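Since the structure comes first, as structure tokens, the remarks are kept for the end.
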Amino acid sequence: MVYSKKLNNFLYMIDVKPAGIENLISSYVLKADRVAIIESGPLASVENLLAGLEEIGIRNEQVNYLAVSHVHADHAGGAGALLRHLPNAKLLVHPRGAPHLVNPEKLWTQTKQALGKIAEMYGEVQSVLKERIITVTDKTIVNLGKNIELKVLETPGHASHALSFYENTARGIFTGDTAGIYLNKFDVVMPTTPSPFHLEKTLTSLSRLVEMAPKKLYYSHFGPAGDAVKKLKAYVVQLKLWGETVFDGMKDDEDFVTIHRRILEKDVSMRAVNDFIDSHVVFREIRKWDVQGFIEYFKKYSFENL
Ligand SMILES: [Zn+2]
């Protein structure tokens, strides 16, 4: 097994390895009477996802659903290309995300502006035919048979149209980017808060996820994790800490480097993975976007009022 890993008797994950980078983006496959894939990943890794499906023993025609947490390139950029290989699959996406996949030109332009070289590495966001899309909103239930269901949860914050998917049997949540990035080798969560990140909405979304009392989290970056409620609550504490730190830095007119140093002084877990992040081609960029996302948030919503 090069790409896929069995997580339980109906659930698999696929390390889609865009540009050969392991432990970065995980897609998930639920196999009951019907088959659902969660996250297409970017265009650059569609072939790897298909190879993973083959390893699991699922034929392309068997796939009924491709669900995406949000339409960022690393989660849904490859959806259009993947669907061309999956003749019977429908794309499940939030209604606000859907138009950006039908006509992805603007999304791709913004992606290139925001992500630079990383965007090129992920590959161009592919368009999806309108008739292949089913829009889903809060509490939509996707019944996969054999008592396995996915419940759609609207969890805005990282993106305004972000979804999470709650699975009722193993009580796991596919969190997209709502619960941060799980650095599985270190058992550490780092924020993912690029602009237009919304702190208040994210905190509300996280408390909704806590209310579901999940046993597992299935991160899109990267892999499954136990201690689900504990991790969600810790992420709330971490986001508040980052928020306070960035806010204080802004009041003191500090630059990015100084604000980031303040964060490392306070966030012990991030300090432990700092060298790893420094050396990682994607995560070191995400960290910059994270701090910038908080700065933009405070500028937009509250800075002048405080
Ligand atoms: Zn992401």
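Counting convention: from 1, in listed order, for ligands and their atoms alike. Side-chain atoms are counted along with the backbone in the values below, which use heavy atoms only and exclude waters and symmetry mates. The structure displayed is predicted, hence computed values, not measured ones.
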Go through the structure and list residues passing side-chain contact (heavy atoms from CB on, under 4.5 Å) with Ala228, not counting sequence neighbours.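 Testing Ala228 for side-chain contact (heavy atoms from CB on, under 4.5 Å), a comparison that skips the adjacent residues, returns Pro214, Leu217.
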Could you pull out all residues at least two apart from Ala98 that satisfy side-chain contact (heavy atoms from CB on, under 4.5 Å)?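 Partners of Ala98 by the side-chain contact (heavy atoms from CB on, under 4.5 Å) criterion, ordered by chain and then number, come out as Val93, Ile133, Thr135.
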So, Asp255 and Arg261, do they make that salt bridge, N to O below 4.0 Å?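 Between Arg261 and Asp255 there is no salt bridge, as every charged N stays at least 4.0 Å from the carboxylate O atoms.
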Return the set of residues passing ring-ring contact (aromatic ring centres under 6.0 Å, His included) with Phe186 (not counting sequence neighbours), or none when no residue passes.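 So Phe186 forms a ring-ring contact (aromatic ring centres under 6.0 Å, His included) with Phe276.
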Under a 3.5 Å distance rule, please check whether His70 uses its side chain to pair with a backbone N or O of Gly176 as donor and acceptor.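 Looks like no, no N/O pair under 3.5 Å.
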Cationic tip of Lys17 above Tyr3 ring, under 6.0 Å, 45° of axis: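 Yes, Lys17 and Tyr3 form such a contact.
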Can you check the number of protein N/O/S atoms within less than 2.8 Å of the Zn ion (ligand 1)?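 Count of protein N, O, S atoms less than 2.8 Å from the Zn ion (ligand 1): 4.
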